[in-house]
Amino acid sequence: MSSEPIQSSAASQAPPSSTIWRDLGCVLAVTVLAAALGATFDLSEKAYRFTRGMERFQLDELPGTLLVLSIAMAWFAWRRYLDARREVRHRRMLEEQAERLLADNRRLASQALQAQELERRHLARELHDELGQYLNAISLDAARIRDLSSEREPEIHRIALQLMQSATHVYREIGGMIRRLRPIGLDEFGLPSALEHCVEGWRERLPEASFSVTIEGDFSGLSDALTITLYRLVQEGLTNVSKFARRSRVEVFMVRAPREDNGAQIDEIVVTMADDGPGTDLTKPRTGLGLIGMRERVEALGGEFHVASEPQGGFLFCARVPAHAGLAEPVN
Ligand SMILES: Nc1ncnc2c1ncn2[C@@H]1O[C@H](COP(=O)(O)OP(=O)(O)O)[C@@H](O)[C@H]1O
Ligand SMILES: [Mg+2]
């Protein structure tokens, strides 16, 4: 299964100092060897004798000319070295600038997502508390009119029944909107139950697919940003299954477990979703925003997001996020 190419910053690396010393050693060794060979075989004398005979071609000027050429080449190389150093410095500066912009971008994206979730939550509460109450009152009033008019006013009785039906319809619609805005049970029963409920909904909608959910660990005490991110990851993954892999076997894993990283223990949450559907060629350009949004959400919380797939080879994504992400740093 091919995995998505990982974008790594092309950090310019200076050669290690051991290489520089080795090269300098080579230069000195070659010079000493040339001197030794020259001394052993009297090369200069032979060259002098040879070039003196060719004086009419000015060949006796060759050693001096070659010396000037080598000094000029050294100067030329030095100038190119300075150019290269300037170029590397410039590139490094651009890379740092790009990294800073990327970090700013991530922060902005994270804030935008948080603001969006806050607004959704607020809207869901308003819809539930305000509209829900009034609709309930309308239903009760309509029921009362229905009862009072049942024998005397058949027309009013009919209208009251219609009113009740309309109220029920709007109530159901609002229920759907609230569910889309704020996942059911997330606040009341916690993330594992909300996810089970979400998968249950897809089991009914996609009878040809099979779903298995494995959740291990304690998911209490997570920040709201992390909880909603984990939920939205699974939600988007399941939406993609409904679009691209309707007849597949889908496995969802969510685990909270400590991991060893350079001797330090990291408490992290790993979410993996895999299906054995038709997969896709990840090297081809894609237009959708779902996977990009998932990556944004995870990276905004300091996590990692990976996707792997190949044609006819299923589809998998894996997100690892520190469990403390989004919580205020402890004050020392
Ligand atoms: N479970 C899956 N199986 C096969 N292909 C998938 C799956 N999930 C995503 N893809 C591929 O990745 C692309 C990008 O997905 P996404 O970013 O969610 O965008 P969208 O759902 O809007 O197309 C999809 O167009 C599809 O080709
Ligand atoms: Mg999608």
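Atoms within a ligand are numbered from 1 in the order they appear, just like the ligands themselves.
- Among heteroatoms of the N, O or S kind in E236, OE2 lies nearest the Mg ion (ligand 2).
- Near ligand 1, E236, N240, K243, F244, D275, G279, T280, R286, G288, L289, G290, L291, F315 each place a heavy atom less than 4.0 angstrom from the ligand.
- In the displayed structure, M73 atom CE is contacted under 6.0 Å by at most 12 heavy atoms of other residues, nucleotides or ligands.
- At a cut-off of 2.8 Å, T239 does not coordinate the Mg ion (ligand 2) through any N, O or S atom.
- Crowding of R203 atom CZ: a count of heavy atoms from other residues, nucleotides or ligands under 6.0 Å exceeding 12.
- For R158, the CZ atom sits in a packed shell: over 12 heavy atoms of surrounding residues, nucleotides or ligands are nearer than 6.0 Å.
- Taking a 6.0 Å sphere around CZ of R80, one finds it holds more than 12 heavy atoms contributed by other residues, nucleotides or ligands.
- Annotation: side chain to side chain donor-acceptor pair (under 3.5 Å) contacts of R85 (sequence neighbours excluded): Y81.
- Environment of CD in E45: crowded, with over 12 heavy atoms of neighbouring residues, nucleotides or ligands closer than 6.0 Å.
- In the displayed structure, M164 atom CE is contacted under 6.0 Å by more than 12 heavy atoms of other residues, nucleotides or ligands.
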